[in-house]
Amino acid sequence: MYTPDDRKPLTVPALAEARRSGHRLAMLTAYDAGFARVFDDNGVDLLLVGDSLGMVVQGHDSTLPVTVDDIAYHTACVARGVSRALLVADMPFQADATPERALDAATRLLQAGARMVKLEGAGHKLDVIRFLVEREIPVCAHLGLTPQSVLRLGGYKVQGRQDEAAEKLRADAKAVADAGAALLVLECVPSSLAQVITAESAIPTIGIGAGPHCDGQVLVLHDVLGLHSGHRRPKFVKDFLAEGGSVAGAVQAYVAAVRDGSFPDEAHSYQ
Ligand code: KIV
């Protein structure tokens, strides 16, 4: 059984054990070995080399310019700083457009040190998830606000507020788990919808702007440290450096707040 004090590396099967034992999973994005080491030493369960690096590291106004080379480079950097946390790498825009392309990209990311890849959406991505999982590549799905859909969505907006959209999200959440995903990120959805999806889900859910009822939470490193990228600050973001006093203190405060369920509160959730 997985316990929070476990110093053994967190494995993919241990994600389900963590959920069964009521251990809330704390996840942060990481892009280099130095921060990865601090996160790993201070109890962060999962590190994500997110394609958010396009915005917070490279300074673009979306994640669309990020390439497989970019994610592979940062994954290799982060992997050198990790001993316990489970390292997840994002599949960048269109790297998962077909099962074959996805297999090539995901293989590179696992060879760079990732233990799981994350990909956005359901629909035709269900075949991609199935194809990767059948080939021994663990997959984290990502639903709700999927930033790679920014052009179609017309901006970064809360998803699933209308009944029809909420029903579609519930169906998609079931479909990605049925396709073999082992973890599900829910981004920017009303708290009550994330609660229903989590209750129905066969796999652990990780929220970002999805309220307190998910099985874990993820935030972008720069947001936890109060570093503003020049883009509008979403409601769910919290500066933990202010209360933690140092980078390690901020990480400890974030992990403690995720574990005890005090983050996110209502002020950092969508109703
Ligand atoms: O790219 C990223 O950092 C992400 C998280 C915000 C979930 O996808």
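Computed from a predicted structure; not experimentally measured. Remember, it's 1-based here, ligands and their atoms both numbered in the order they're listed.
- Looking at Leu48 against ligand 1, only its side chain comes within 4.0 Å, counting heavy atoms.
- At under 3.5 Å, not a single nitrogen or oxygen of Glu187, backbone or side chain, sits near a nitrogen or oxygen of ligand 1.
- If you run salt bridge (charged side-chain N to carboxylate O under 4.0 Å, His left out) between Asp96 and each of Arg101, Lys118, Lys125, only Lys125 comes through.
- In this structure, Lys118 counts as a contact residue of ligand 1, since one of its heavy atoms falls inside 4.0 Å of the ligand.
- Between Asp265 and Lys238 there is no salt bridge, since none of the side-chain N atoms of the basic residue sits less than 4.0 Å from a carboxylate O of the acidic one.
- Between atom OH of residue Tyr254 and atom CG of residue Leu241 there is a gap of 15.0 Å, rounded to the nearest 0.5 Å.
- The ligand atoms of ligand 1 that sit less than 4.0 angstrom from a heavy atom of Thr29 are 3 (O).
- In this structure, the separation between CG on Leu53 and OG1 on Thr29 is 9.0 Å, given to the nearest 0.5 Å.
- Remark: ligand 1 atoms within the under-4.0 Å shell around heavy atoms of Ile208 are 6 (C).
- The side-chain contact (heavy atoms from CB on, under 4.5 Å) test with Val49 is passed by exactly one of Val88, Asp90, Val117, Leu87: Leu87.
- Here's the thing with Tyr31: none of its N/O atoms is less than 3.5 angstrom from an N/O atom of ligand 1.
- When heavy-atom distances to ligand 1 are checked against a 4.0 Å cut-off, Leu53 has no atom that comes that close, whether in backbone or side chain.
- Annotation: side chain of Val139 is not in contact with side chain of Met91 (no heavy-atom distance under 4.5 Å).
- Here the heavy atom of the protein found nearest to atom 3 (O) of ligand 1 is Ser52 OG, 2.5 Å.
- When each atom of ligand 1 is checked for a heavy atom of Asp90 under 4.0 Å away, the hits are 1 (O), 2 (C), 8 (O).
- Proximity of a side-chain donor or acceptor of Glu167 to a complementary backbone N or O of Gly160 within less than 3.5 Å is not detected.
- Applying the 4.0 Å criterion to heavy atoms of Gly50 picks out, from ligand 1, the atoms 1 (O), 2 (C), 3 (O).
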